[in-house]
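Report on one structure; see the data block that follows.
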Amino acid sequence: MIRSARASDARAIAELVRPYVRRRILVPKELIDYFEDIQEFVIVEIDGEVVGCGALHVFWEDIGEIRTLAVKEQLIGRGIGKAIVVELERRARELGLLRLFCLTFEIDFFESLGYMQIDGTPVGIDVYQQILRSHDDGTAEFLDLARAKPNTLGNYRLLKAL
């Protein structure tokens, strides 16, 4: 049911995410971004259809982010999102990450999985300075940079120790 995404899944992921982007819940990305980041994604597939996705993005040696978590709207509430988060957490532990971060409107969902709301960016100034060099839009959100503000209005910052 859940597996690593393949390059051939990039278009389906983009389509799955599209309604959330339109509502400004998820960050807009070009199709090329899904192809370039496909190794970060897991998907849930039912009867050959991609019905859920999520990505694990590594920021630094001890912290990563769960991003682009989406479930086909008709299937929300059936445990697909939870299964994706649990799998991404497992992969994060395999990579030696100690903490996972997320920007989300789904506070209750993430809190039920052990994430806690935080203020600010959960890294020290030295790591912040290094991460600041990234050109990734999601990283700009993580750092709470002004250029990312239109995408994060209303988002909450949550963190979980693994």
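With sequence neighbours excluded, the residues satisfying side-chain contact (heavy atoms from CB on, under 4.5 Å) with Ala70 are Leu16, Val17, Tyr20, Leu26, Cys53. With sequence neighbours excluded, no residue satisfies salt bridge (charged side-chain N to carboxylate O under 4.0 Å, His left out) with Glu61. Residues satisfying the salt bridge (charged side-chain N to carboxylate O under 4.0 Å, His left out) test with Asp33, not counting sequence neighbours, are none. Legend: residues meeting side-chain contact (heavy atoms from CB on, under 4.5 Å) with Ala92, ordered by chain and number and at least two apart, are Leu56, Leu97, Leu100, Leu162. Residues satisfying the side chain to side chain donor-acceptor pair (under 3.5 Å) test with Glu30, not counting sequence neighbours, are none. For Glu49, the salt bridge (charged side-chain N to carboxylate O under 4.0 Å, His left out) criterion is met by Lys72, not counting sequence neighbours. Under the side chain to side chain donor-acceptor pair (under 3.5 Å) criterion, Gln39 pairs with no residue, sequence neighbours left out. Shown here are the side chain to side chain donor-acceptor pair (under 3.5 Å) partners of Glu111, two or more places apart in sequence or in another chain: Gln117. Residues forming a salt bridge (charged side-chain N to carboxylate O under 4.0 Å, His left out) with Arg22 (at least two apart in sequence, or on another chain): none.
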Where do His57 and Glu65 land on the side chain to side chain donor-acceptor pair (under 3.5 Å) test, with the steps shown first? CA-CA 5 Å; His57 182 78; Glu65 177 189 15; 5.8 Å; no
Check step by step if salt bridge (charged side-chain N to carboxylate O under 4.0 Å, His left out) holds for Arg99 and Asp62. CA-CA 6 Å; Arg99 301 175 295 158; Asp62 67 335; 3.2 Å; yes
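Here the straight-line distance linking atom CZ of Phe101 with atom CD1 of Ile63 works out to 7.0 Å at 0.5 Å rounding. Rounded to the nearest 0.5 angstrom, Asp37 CG and Ile32 CD1 are separated by 9.5 Å. Rounding to the nearest 0.5 Å gives a distance of 11.0 Å between CD of Glu106 and CG of Leu158.
When side chains are defined from C-beta on, Val51 does not count as touching Val71, because their heavy atoms never get closer than 4.5 Å. Here the side chains of Arg67 and Cys102 are not in contact, with every heavy-atom distance at 4.5 Å or above. Proximity of Leu95 to Val58: side-chain heavy atoms (C-beta onward) are separated by under 4.5 Å at one or more points. In this structure, Leu69 and Phe110 have side chains that are in contact, with non-hydrogen atoms separated by less than 4.5 Å. The shortest side-chain heavy-atom distance between Tyr34 and Thr68 falls under the 4.5 Å cut-off.
The shortest non-hydrogen separation linking Ala14 to Leu31 is CB-CD1, 4.0 Å. For the residue pair Ile13 and Ala5, the shortest heavy atom distance occurs at CD1-CB, 4.1 Å.
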With a 3.5 Å cut-off and sequence neighbours excluded, list the donor-acceptor pairs that the side chains of residues 75-90 form with protein atoms.
residue, atom, partner, partner atom, Å
Glu87, OE1, Arg90, NE, 3.0
Glu87, OE2, Arg90, NE, 3.4
Glu87, OE2, Arg90, NH2, 2.6
Glu87, OE2, Arg91, NE, 2.7
Glu87, OE2, Arg91, NH2, 3.3
Glu89, OE1, Lys160, NZ, 3.3
Glu89, OE2, Tyr115, OH, 2.8
Glu89, OE2, Lys160, NZ, 3.1
Arg90, NH1, Glu94, OE2, 2.4

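Residues in residues 5-19 take part in these salt bridge (Lys or Arg N to Asp or Glu O under 4.0 Å) pairs, two or more places apart or across chains: Arg3-Asp9, Glu15-Arg18.
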